[in-house]
Amino acid sequence: MLVKLYGENPSERELQRIVGALEHDELIVYPTDSVYAVGCSLRAPRAIERLRRMKGDGELTVVCESIAQVSEYCRVDNAVFRILKRNLPGPFTFLLPASSHVPDKVLEKRRTIGIRIPANAVTRAIVGALGCPMLTTSVKDDETEYTTDPELIQERFGRTIAFVVDGGIGETVPTTVVDLTDGEPLIVREGKGELR
């Protein structure tokens, strides 16, 4: 189902419908400050399995509402905190050592996790109302318009996704991925964000 949600004063009714779906092991597609993403609640094991099947190989990212929430799920020292504070919210995925709060099903024998706080008010409103992070991956398709246009995303994925949150036409440039596991920032993938 296609749902329009605005960053400023999002409809509480629509927000609760989206959160209700996430709490019942459903997947949603939502806008970010880079590309559209498909995600589920970090507390929804069946949805995590479906998201993994959809993603195939590769890591999933944890989307948080705030740096305080990031520090719950990752080990963050003072130097890392300063880097996060300067660059988030923004179009970055930071690789960090995972804490024991990250479910084993998410880590799959890894010790690190990618985290994001998108500079998109809709995303942060959904995560805030959910009360826990979302596990996520970029929407993928061979044809770009099926990854940037919410109506076409709904047409393509509508049978497997509870909601497609319409945030307007999306972008095609992914996040910049930065590895912070060794203390010094290492850019793993150049993307939309410029590290400060």
Side-chain angles (χ1 to χ4, degrees), residues 2-12 14-15 18-19 22 27-42 51 55 58-74 76 78-96 98 102 112-140 144 147-150 153 161 163-181 185-196:
L2 192 63
V3 174
K4 183 76 175 171
L5 201 60
Y6 297 94
E8 287 187 34
N9 303 319
S11 161
E12 192 61 34
E14 298 296 357
L15 195 55
I18 293 164
V19 167
L22 289 167
L27 300 175
I28 66 165
V29 171
Y30 62 96
T32 73
D33 52 0
S34 57
V35 297
Y36 268 87
V38 56
C40 66
S41 170
L42 195 64
L51 188 62
K55 167 75 171 172
E59 294 184 26
L60 299 169
T61 301
V62 175
V63 174
C64 296
E65 179 189 22
S66 64
I67 294 176
Q69 197 173 54
V70 169
S71 64
E72 241 181 277
Y73 293 90
C74 300
V76 177
N78 289 337
V80 167
F81 176 82
R82 285 192 293 276
I83 293 168
L84 298 180
K85 185 97 170 127
R86 281 194 308 266
N87 293 284
L88 295 176
F92 294 94
T93 300
F94 288 102
L95 304 178
L96 292 166
V102 179
T112 61
I113 192 76
I115 62 100
R116 288 211 59 208
I117 303 175
N120 182 296
V122 170
T123 304
R124 291 196 314 278
I126 292 169
V127 175
L130 182 60
C132 75
M134 283 196 299
L135 193 61
T136 191
T137 187
S138 301
V139 171
K140 300 277 192 231
T144 303
T147 63
T148 57
D149 184 325
I153 293 170
I161 302 293
F163 289 101
V164 174
V165 181
D166 183 349
I169 298 298
E171 296 194 28
T172 57
V173 181
T175 61
T176 293
V177 178
V178 183
D179 188 338
L180 292 178
T181 56
L186 173 66
I187 295 178
V188 177
R189 178 182 75 194
E190 290 281 352
K192 188 176 175 189
E194 239 179 86
L195 197 64
R196 292 181 275 153

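Quick caveat: nothing in here was measured; it's all calculated off a predicted structure.
- Ion pairing between a basic and an acidic side chain is recognised when a charged N comes within 4.0 Å of a carboxylate O; Arg116 and Asp33 show such pairing.
- If you take CG on Leu27 and CG on Leu135, they are separated by 10.0 Å, rounding to the nearest 0.5 Å.
- Side-chain atoms of Val139 and Val35, non-hydrogen and from C-beta on, never get closer than 4.5 Å to each other.
- Of all heavy-atom pairs spanning Pro150 and Val164, the tightest one is O-CG1, 3.7 Å.
- Rounding to the nearest 0.5 Å places CG of Leu84 at 11.0 Å from OG of Ser66.
- A distance of 8.0 Å separates OH of Tyr36 from CG of Asp149, quoted to the nearest 0.5 Å.
- You'll find the side chain of Leu5 reaches within 4.5 Å of the side chain of Ile126, heavy atoms only.
- Closest heavy-atom contact between Lys192 and Pro91: CB-CB, 3.9 Å.
- Rounding to the nearest 0.5 Å gives a distance of 8.0 Å between CD1 of Ile67 and CD1 of Ile115.
- Note that the SG atom of Cys64 and the CE atom of Met134 stand 10.0 Å from one another [nearest 0.5 Å].
- Considering only heavy atoms from C-beta on, Glu194 stays 4.5 Å or farther from Thr176 through its side chain.
- For the atom pair Leu130 CG and Leu42 CG, the distance stands at 9.0 Å (nearest 0.5 Å).
- Looking at Tyr30 and Val127, their side chains never come closer than 4.5 Å, going by heavy atoms from C-beta outward.
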Phe94 vs Ile83, side-chain contact (heavy atoms from CB on, under 4.5 Å): CA-CA, chis, key distance, verdict: CA-CA 10 Å; Phe94 288 102; Ile83 293 168; 4.0 Å; yes

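- The minimum heavy-atom distance linking Val173 with Gly191 is given by the pair CG1-C, 3.9 Å.
- The heavy-atom pair separating Leu22 from Cys40 by the smallest distance is CD2-CA, 3.7 Å.
- For the pair Ser34 and Thr175, the tightest heavy-atom approach, listed with the atom from each and the gap, is OG-CG2, 3.5 Å.
- Considering every non-hydrogen atom in both Phe92 and Asn87, the closest pair reads CD1-O, 3.5 Å.
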